[in-house]
There are 2 protein chains.
Amino acid sequence: NFITQITHRISFTFSIGYRHQQTTAKRVEEVEFDGPCMKTEVPGPRSKILAQQLEAIQSVVQVNFFCDYEESKGNYLVDVDGNRMLDVYTQIASIPIGYNHPALTKVMTDPKNMGTFVNRPALGMMPPEQFSEKLVNGLMAVAPKGFSRVQTMACGSCSNENAYKAIFIWYRVRGQQFLSLVFSFFFQVPGCPDLTLLSFMGGFHGRTLGCLATTHTKAIQKLDVPSFDWPIAPFPQLRYPLGQFERENAQEEARCLEEVEDLIVKWNQKGRHVAGVVIEPIQAEGGDNHASFDFYRKLRGITKKPFRIFNTWLGDHTKNLLLTEVIKVIKTENLLDQAKRSGKVILEGLYNLQDKYPHLLSRARGIGTFCAIDVKDEDTRNNLILKARNKGVVLGGCGTQSIRFRPALVFTEHHAHLFLDIFNDAIAELK
Amino acid sequence: NFITQITHRISFTFSIGYRHQQTTAKRVEEVEFDGPCMKTEVPGPRSKILAQQLEAIQSVVQVNFFCDYEESKGNYLVDVDGNRMLDVYTQIASIPIGYNHPALTKVMTDPKNMGTFVNRPALGMMPPEQFSEKLVNGLMAVAPKGFSRVQTMACGSCSNENAYKAIFIWYRVRGQQFLSLVFSFFFQVPGCPDLTLLSFMGGFHGRTLGCLATTHTKAIQKLDVPSFDWPIAPFPQLRYPLGQFERENAQEEARCLEEVEDLIVKWNQKGRHVAGVVIEPIQAEGGDNHASFDFYRKLRGITKKPFRIFNTWLGDHTKNLLLTEVIKVIKTENLLDQAKRSGKVILEGLYNLQDKYPHLLSRARGIGTFCAIDVKDEDTRNNLILKARNKGVVLGGCGTQSIRFRPALVFTEHHAHLFLDIFNDAIAELK
């Protein structure tokens with residue numbers, strides 16, 4: 001029985017010793033598996049059979065391996081061949097407090113939540129009793145300062161599509177007369193104006209048609225699909241370590257900001273006004289590209305500008321129930337402090353590794369545990385990810401030659417050292 | 001405790017008698033509530049307080065009332081004021097086998113499904129063991145003939161956005177040389193071609209930017225948002241009852257088909273080739289507009305035409321678990337036969353009502369339980385929906401003056417008569 005496998009954390013323990021860093025203090029936050037345990041290469045025979053079955057009904061080119069989500073626990077992902085891997089990718093940072101956290105299984109087994117999980121409400125019209133309360137204690141509790149309202153959507157692409165619509169509507173309501181509805185009934189000019197959004201090279205905002213017009217990571221995503229002709233600015237390409245390249249990086253950021261200003265002026269002059277600017281705080285899919293806080297402040301300065309968005313479903317309320325619990329766990333277990341500590345270990349470890357293997361690794365970077373490093377080329381990067389996986393560490397790539405690290409917030413210094421040791425072994429094996 | 005409230009069906013019973021149709025045989029498929037039970041007007045005081053709370057963080061103009069999804073059961077929706085209503089709208093046809101069907105609560109409480117509900121997998125890369133099996137026994141088991149492959153998405157809009165992309169890609173791969181990826185890296189011509197999709201007036205396909213370019217129901221949805229300039233054809237406006245207007249309706253459908261052909265030729269000549277045609281089998285949001293099977297066959301004839309779609313999440317696997325169970329229940333309980341029988345009662349009842357109130361009602365229409373009727377004008381329609389609600393029947397509008405009926409598949413003849421009685425009472429009260 002699955003439920004009985006979940007055990008609450010019981011104690012602190014100390015490490016016995018690590019190749020990467022000897023006798024470091026560790027905290028095991030939860031009684032979980034005591035390390036990776038590999039039985040086959042990954043994907044193993046069972047994963048391969050399942051992939052063949054799935055191939056009969058859909059493309060499997062992106063499938064890595066099949067997982068046993070019931071057996072996975074904390075920082076460890078278990079696959080269908082029984083391989084247990086330390087997960088430093090966590091479904092692209094989507095398992096915030098680890099696999100099968102007891103707080104979340106409790107939400108699921110609470111009889112009073114049953115109705116929310118089995119009946120899908122049209123939240124926009126017939127929300128459940130706790131809808132508002134869960135939003136207030138969930139999303140609003142972690143909303144950036146100054147955000148006072150919230151509307152949920154089913155996925156990231158839909159959220160961005162609706163944000164884009166909000167930008168256009170706001171631009172028109174604020175700046176121009178509110179055109180009569182009649183004009184737009186045939187859905188072309190003047191009801192549907194020729195407004196544009198400015199986005200950045202290397203940005204990823206989703207793959208639906210509106211989002212896709214602002215996504216510029218892989219060419220294959222856009223080929224053959226009609227798109228909006230909107231302005232695209234360069235994103236700063238910083239040099240690392242930051243401390244050594246302060247002047248060069250400041251110049252690079254200034255160059256990009258200047259380009260943004262030029263594009264806005266140019267497109268406004270063409271009569272295709274720029275209604276908004278869309279940017280990722282850290283370009284992830286595009287290669288874990290950071291810019292300085294100063295860059296964002298100045299960008300905000302350039303764009304300084306002071307709703308008609310309806311969705312029937314407003315996403316899935318079960319996610320609000322889970323999110324509220326996730327936030328509670330993050331607070332009660334001080335997981336943000338934990339992430340800072342673990343992030344420090346990871347980044348210092350990456351610095352050491354790039355010093356040790358300068359011909360292979362460079363540009364170690366990150367904030368908290370949101371870290372990345374570049375490998376000398378794409379093939380070597382892909383090879384390194386596979387080697388690490390077969391040694392029991394799940395990693396993910398991004399950009400052309402980066403590896404991005406996305407551990408859960410329950411990833412402790414102990415896990416960080418464990419990861420660095422195995423990562424070091426995998427690198428050492430590269431020719 | 002919620003679980004204990006669910007009782008499996010135990011017996012057949014017979015009706016005592018109805019105003020609308022006396023002493024008809026009824027089958028009560030489940031022991032459920034024995035009828036509507038109203039305690040307050042709807043929205044009641046508790047709903048109003050909750051709406052005020054929600055208004056602090058989002059727009060509530062579309063909120064009807066707040067629901068108690070834990071207390072709702074079978075065909076009955078219970079609101080937070082304890083009002084129990086016969087639901088002939090079921091969250092826009094999204095509660096296929098009734099509220100809290102025991103088969104679905106069983107899926108939720110099965111410990112082996114826990115991991116799927118609490119850990120969100122990136123299905124496109126790391127699917128769970130049963131992923132393929134659930135797709136085969138779920139979506140593929142009910143796929144239209146000739147469909148051999150399936151890819152899931154998180155919501156209807158995302159599904160349509162990706163279907164549109166598939167159309168464009170297919171059009172280019174089939175008809176033209178596969179352009180080098182390099183050309184599209186800057187994401188404008190020639191990588192992103194000026195292809196178009198033909199859609200129909202009154203169609204609803206979602207509100208994301210690609211979908212929105214093919215949605216033509218309410219002008220407010222599109223105002224101020226940049227759109228693709230794509231061709232729009234008229235959708236047949238049929239006259240009812242169909243038997244009396246065969247010649248007129250055939251002419252109307254021929255007119256629309258001719259317009260489709262003209263548009264395709266015209267747009268192809270402009271060099272803005274029509275890569276695909278998008279149509280709803282029954283236009284729902286646009287007013288429950290039907291066309292004949294013959295119309296669709298001829299449209300297919302006009303468009304006769306013989307992948308590069310990736311999504312990280314591929315929707316939500318928990319929905320596959322629930323869908324597989326829904327399909328099983330539909331089969332084992334013969335719910336499609338049930339829907340045919342109930343639909344017949346509903347449609348005959350609507351015919352009777354429009355004969356009785358010809359100054360108020362017209363154009364009763366439907367297939368199965370997917371029925372609709374027109375009310376003389378928008379205000380009267382809205383008024384009638386509110387009156388019915390206060391008598392314990394939940395209905396939904398569509399188009400400018402239609403009411404659409406969307407009961408669950410567990411809606412029996414008994415519920416149909418109950419609905420018709422109350423609907424009749426509500427109509428009789430209209431001035």
Side-chain angles (χ1 to χ4, degrees), chain A residues 1-3 53-54 57-58 62 64 66-67 69-70 80 91-92 94-95 99-100 104-105 108 111 114-122 124-129 132 149-151 154-155 157 161 165 168-169 172 181 184-185 187-188 191-192 195 208-210 219 222-227 229, chain B residues 1-3 53-54 57-58 62 64 66-67 69-70 80 91-92 94-95 99-100 104-105 108 111 114-122 124-129 132 149-151 154-155 158 161 165 168-169 172 181 184-185 187-188 191-192 195 208-210 219 222-227 229:
Chain A
N1 181 302
F2 169 71
I3 301 298
Q53 287 170 5
L54 185 58
I57 53 169
Q58 67 179 226
Q62 297 286 341
N64 294 338
F66 285 76
C67 302
Y69 288 104
E70 276 65 41
V80 291
Q91 316 292 322
I92 321 183
S94 297
I95 308 288
Y99 292 100
N100 293 308
L104 301 186
T105 55
M108 293 298 311
M114 185 68 65
T116 306
F117 281 90
V118 298
N119 310 300
R120 182 175 198 188
M125 296 181 289
M126 300 185 186
E129 168 126 30
S132 177
R149 300 177 75 74
V150 64
Q151 202 166 6
C155 68
S157 292
E161 290 275 337
K165 285 162 62 180
F168 291 126
I169 292 169
R172 299 264 290 186
L181 284 185
S184 76
F185 197 68
F187 315 119
Q188 273 135 27
C192 300
L195 297 175
T208 48
L209 267 66
K222 310 187 56 133
L223 185 67
D224 294 338
V225 180
S227 188
D229 181 23
Chain B
N1 182 300
F2 170 71
I3 300 298
Q53 287 171 4
L54 185 58
I57 52 169
Q58 68 179 224
Q62 296 285 339
N64 294 335
F66 284 75
C67 302
Y69 288 104
E70 275 67 40
V80 290
Q91 316 292 323
I92 322 182
S94 297
I95 308 289
Y99 291 99
N100 293 309
L104 301 186
T105 55
M108 292 298 311
M114 185 68 66
T116 307
F117 281 90
V118 298
N119 310 301
R120 181 173 201 192
M125 296 181 289
M126 299 185 186
E129 168 128 30
S132 177
R149 299 176 74 75
V150 65
Q151 202 166 7
C155 68
C158 286
E161 290 274 339
K165 284 162 61 180
F168 291 124
I169 292 169
R172 299 264 291 185
L181 285 184
S184 75
F185 197 68
F187 316 121
Q188 274 136 25
C192 302
L195 296 174
T208 47
L209 267 67
K222 308 187 57 131
L223 185 68
D224 295 338
V225 180
S227 189
D229 181 23

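Numbered from 1 within each chain, the chains take letters A, B, ... in sequence-line order.
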For the side chain of A:Q58 and the backbone of B:V150, is there at least one donor-acceptor N/O pair under 3.5 Å apart? yes
The reported gap from CG in B:N100 to CZ in A:F117 (rounded to nearest 0.5 angstrom) is 13.0 Å
Exercise: identify the closest heavy-atom pair between A:I57 and B:S132: CD1-O, 4.3 Å
I need the A:M114 CE to B:M108 CE distance, nearest 0.5 Å. 5.5 Å
Heavy-atom distance under 4.5 Å between the side chains of A:C155 and B:C158, does that happen here? yes
Is chain A contacted by the side chain of B:I95, its backbone, both, or neither, given a heavy-atom distance below 4.5 Å? side chain
Spacing of CZ belonging to A:R120 relative to CD belonging to B:Q91, to within rounding of 0.5 Å: 10.0 Å
Work out which heavy atom in A:F168 is nearest to a heavy atom in B:P226; give both atom names and the distance. CD1-CD, 3.2 Å
Measure the shortest side-chain to side-chain distance between A:K165 and B:L209 over non-hydrogen atoms and say whether it is less than 4.5 angstrom. yes
From CE (A:M125) to CG (B:N64), nearest 0.5 Å: 6.5 Å
Taking C-beta and beyond as the side chain, do A:Y69 and B:E129 meet within less than 4.5 Å on heavy atoms? no
What's the spacing between B:E161 CD and A:S157 OG if we round to 0.5 Å? 8.5 Å
Can you measure from OG (A:S94) to CG (B:N119) and round to the nearest 0.5 angstrom? 11.0 Å
